[in-house]
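Quantities reported herein were computed from a predicted structural model and do not represent experimental measurements. Along the sequence shown, the residues carry numbers beginning at 1.
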Amino acid sequence: MKRFAVLILVFCAMCGGFFCNAAVAQTDSTATVQLTKEQKREFKAYTDSVRFNKLIGAINDRHFLMQVDGVYFGGGPTEYGLSTATNFILLQNDGAIVQTAFNNGSLGLNGMGGFTCSGRVGDIDVEIDKKGNVHLNFNVLGSYSNVNVQITIPYNSDSATAYVTPTFHRGSLTMYGEIMPFKDPSIRIEK
C-alpha cells in the first residue's frame with residue numbers, strides 16, 4: 001500500500017510538473033522530469049499490471065488476438081520473423097481462427113504455406129497458477145479440421161506460447177508471440 005501511495009504521489013508530481021512546465025515551454029523546451037531507477041521500476045510494474053489485468057478481462061470476455069512471430073515444429077526448425085498479419089490466433093465470442101503461413105514456397109492447406117482452422121469454440125478453461133501465470137485451453141471445431149489450443153501467458157506479461165495440436169492428425173506446433181485484447185465487430189468468423 002505504501003508503494004502504491006508513493007507511485008500515486010510520483011505520478012501526481014509528474015503531472016503537476018508537466019502542467020507547470022507547459023507554461024514555461026514557450027521559452028525553454030529542454031525541461032524534463034528525471035525519475036530514479038526505483039521509481040521507473042515501480043511505474044513499469046504498475047503499467048504491466050494494468051495491461052495484464054486488461055488482458056485477463058479480454059480473455060474472460062472471449063476477445064483477444066495472439067500475433068505470432070515464431071513457430072516451432074516438433075522435431076523441426078523454429079521459424080522467426082513471421083508476418084503477424086498471416087500468423088495469429090483470434091478468439092471473438094464463440095468463434096476462433098488459428099492460422100499459420102510460411103514463406104517456404106509451398107502452397108500448404110490454406111494456399112499460403114500453412115494451415116487455417118476457423119470455427120466454433122467449445123468451453124474455454126482458464127486457470128491461474130500460484131505464480132500468477134495464465135493457462136488457457138480450448139478447442140476450435142472447424143468445418144475442415146479441429147485443433148486443440150493451449151496458451152500459456154507468464155504473470156504480468158503480454159508474451160504468450162501456444163501449443164496447437166490437430167485433433168485428427170499427427171504433429172503439433174508451438175507458436176510464440178504477443179497476446180492482446182482485441183475486439184472488431186466487422187470480423188465474421190465462419191463456424
Side-chain angles (χ1 to χ4, degrees), residues 52-191:
F52 187 72
N53 288 334
K54 285 183 180 179
L55 178 59
I56 296 300
I59 289 170
N60 289 332
D61 292 342
R62 294 183 170 205
H63 291 283
F64 68 84
L65 171 70
M66 180 177 169
Q67 296 180 325
V68 176
D69 60 1
V71 174
Y72 171 75
F73 300 95
T78 302
E79 290 201 29
Y80 288 106
L82 300 173
S83 169
T84 57
T86 56
N87 293 277
F88 59 87
I89 298 173
L90 172 66
L91 188 123
Q92 282 201 158
N93 296 323
D94 61 342
I97 301 173
V98 178
Q99 179 172 294
T100 61
F102 310 106
N103 298 325
N104 59 7
S106 170
L107 289 179
L109 299 174
N110 62 1
M112 297 184 290
F115 77 91
T116 302
C117 180
S118 174
R120 186 176 50 83
V121 174
D123 289 334
I124 297 178
D125 294 325
V126 180
E127 293 181 15
I128 299 177
D129 63 20
K130 292 180 182 179
K131 295 180 180 179
N133 303 322
V134 178
H135 303 281
L136 182 66
N137 187 13
F138 59 93
N139 291 316
V140 181
L141 309 170
S143 55
Y144 300 110
S145 65
N146 300 333
V147 296
N148 175 264
V149 180
Q150 298 174 1
I151 299 176
T152 302
I153 308 163
Y155 176 68
N156 268 2
S157 175
D158 56 4
S159 297
T161 303
Y163 304 98
V164 179
T165 307
T167 306
F168 300 114
H169 303 284
R170 295 189 82 193
S172 61
L173 55 104
T174 306
M175 304 170 88
Y176 305 98
E178 181 180 342
I179 191 165
M180 65 195 69
F182 183 83
K183 188 173 187 177
D184 187 349
S186 67
I187 296 177
R188 303 282 181 231
I189 298 176
E190 288 184 29
K191 297 176 217 166

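- The structure places CG of L65 at 5.5 Å from CE of M180, a figure rounded to the nearest 0.5 Å.
- Side-chain contact between V68 and T84 is absent, with no heavy-atom pair separated by less than 4.5 Å.
- In this structure, OH on Y163 lies 10.0 Å from OG on S172, to the nearest 0.5 angstrom.
- Side-chain atoms of T165 do not come within 3.5 Å of backbone N or O of N148 as any donor-acceptor pair.
- Residues F182 and L90 meet the side-chain proximity criterion, which asks for heavy atoms closer than 4.5 Å.
- With hydrogens and angles ignored, the 3.5 Å screen pairs no side-chain donor or acceptor of T116 with any backbone N or O of Q99.
- In terms of heavy-atom proximity, A160 sits nearest to I153 at CB-CG1, 4.1 Å.
- Applying the salt bridge (charged side-chain N to carboxylate O under 4.0 Å, His left out) test to every pair with at least one member in residues 139-165, sequence neighbours left out, gives these pairs: R51-D158.
- One distance of note links OG of S159 with CE of M66; it measures 9.0 Å at 0.5 Å rounding.
- Residues C117 and S145 approach most closely at SG-O, 3.3 Å, considering heavy atoms.
- Looking at I179 and L55, their side chains come closer than 4.5 Å, going by heavy atoms from C-beta outward.
- Side-chain N/O atoms of D69 and N87 include no donor and acceptor closer than 3.5 Å.
- Here I56 contributes atom CD1 and F64 contributes atom CZ; the two are 10.5 Å apart, rounded to the nearest 0.5 Å.
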- Item | Residues M175, T100; criterion side chain to side chain contact (heavy atoms under 4.5 Å, CB included); working and verdict | CA-CA 9 Å; M175 304 170 88; T100 61; 3.5 Å; yes
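- In this structure, F88 and I97 have side chains that are in contact, with non-hydrogen atoms separated by less than 4.5 Å.
- Annotation: salt bridge (charged side-chain N to carboxylate O under 4.0 Å, His left out) contacts involving residues 56-65, sequence neighbours excluded, are absent.
- Taken from CG in N139 to CD in Q150, the straight-line distance is 9.0 Å, to the nearest 0.5 Å.
- Within the 4.5 Å cutoff, side-chain heavy atoms of L173 are placed close to those of F115.
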- Item | I124 vs L136, side chain to side chain contact (heavy atoms under 4.5 Å, CB included): CA-CA, chis, key distance, verdict | CA-CA 7 Å; I124 297 178; L136 182 66; 3.2 Å; yes
- Kindly indicate, with the supporting measurements, whether the criterion side chain to side chain contact (heavy atoms under 4.5 Å, CB included) is fulfilled by I89 and V149. CA-CA 9 Å; I89 298 173; V149 180; 4.1 Å; yes
Do any side-chain atoms of residues 125-135 form donor-acceptor pairs under 3.5 angstrom with protein atoms, and if so which ones, sequence neighbours left out?
{"from": "D129", "atom 1": "OD1", "to": "K131", "atom 2": "N", "distance (Å)": "3.0"}
{"from": "D129", "atom 1": "OD1", "to": "G132", "atom 2": "N", "distance (Å)": "3.0"}
{"from": "D129", "atom 1": "OD1", "to": "N133", "atom 2": "N", "distance (Å)": "2.8"}
{"from": "D129", "atom 1": "OD2", "to": "N133", "atom 2": "ND2", "distance (Å)": "3.3"}
{"from": "D129", "atom 1": "OD2", "to": "H135", "atom 2": "NE2", "distance (Å)": "3.2"}
{"from": "N133", "atom 1": "OD1", "to": "Y155", "atom 2": "N", "distance (Å)": "2.9"}

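- Atoms CD1 and CG, from I59 and L91 in turn, are 9.5 Å apart once rounded to the nearest 0.5 Å.
- Inter-residue side-chain proximity for H63 and N93 is flagged as met; some heavy-atom pair is nearer than 4.5 Å.
- In this structure, L82 and A101 approach most closely via the heavy-atom pair CD2-O, 4.3 Å.
- Across V121 and G95, no two heavy atoms sit closer than the pair CG2-C, 3.7 Å.
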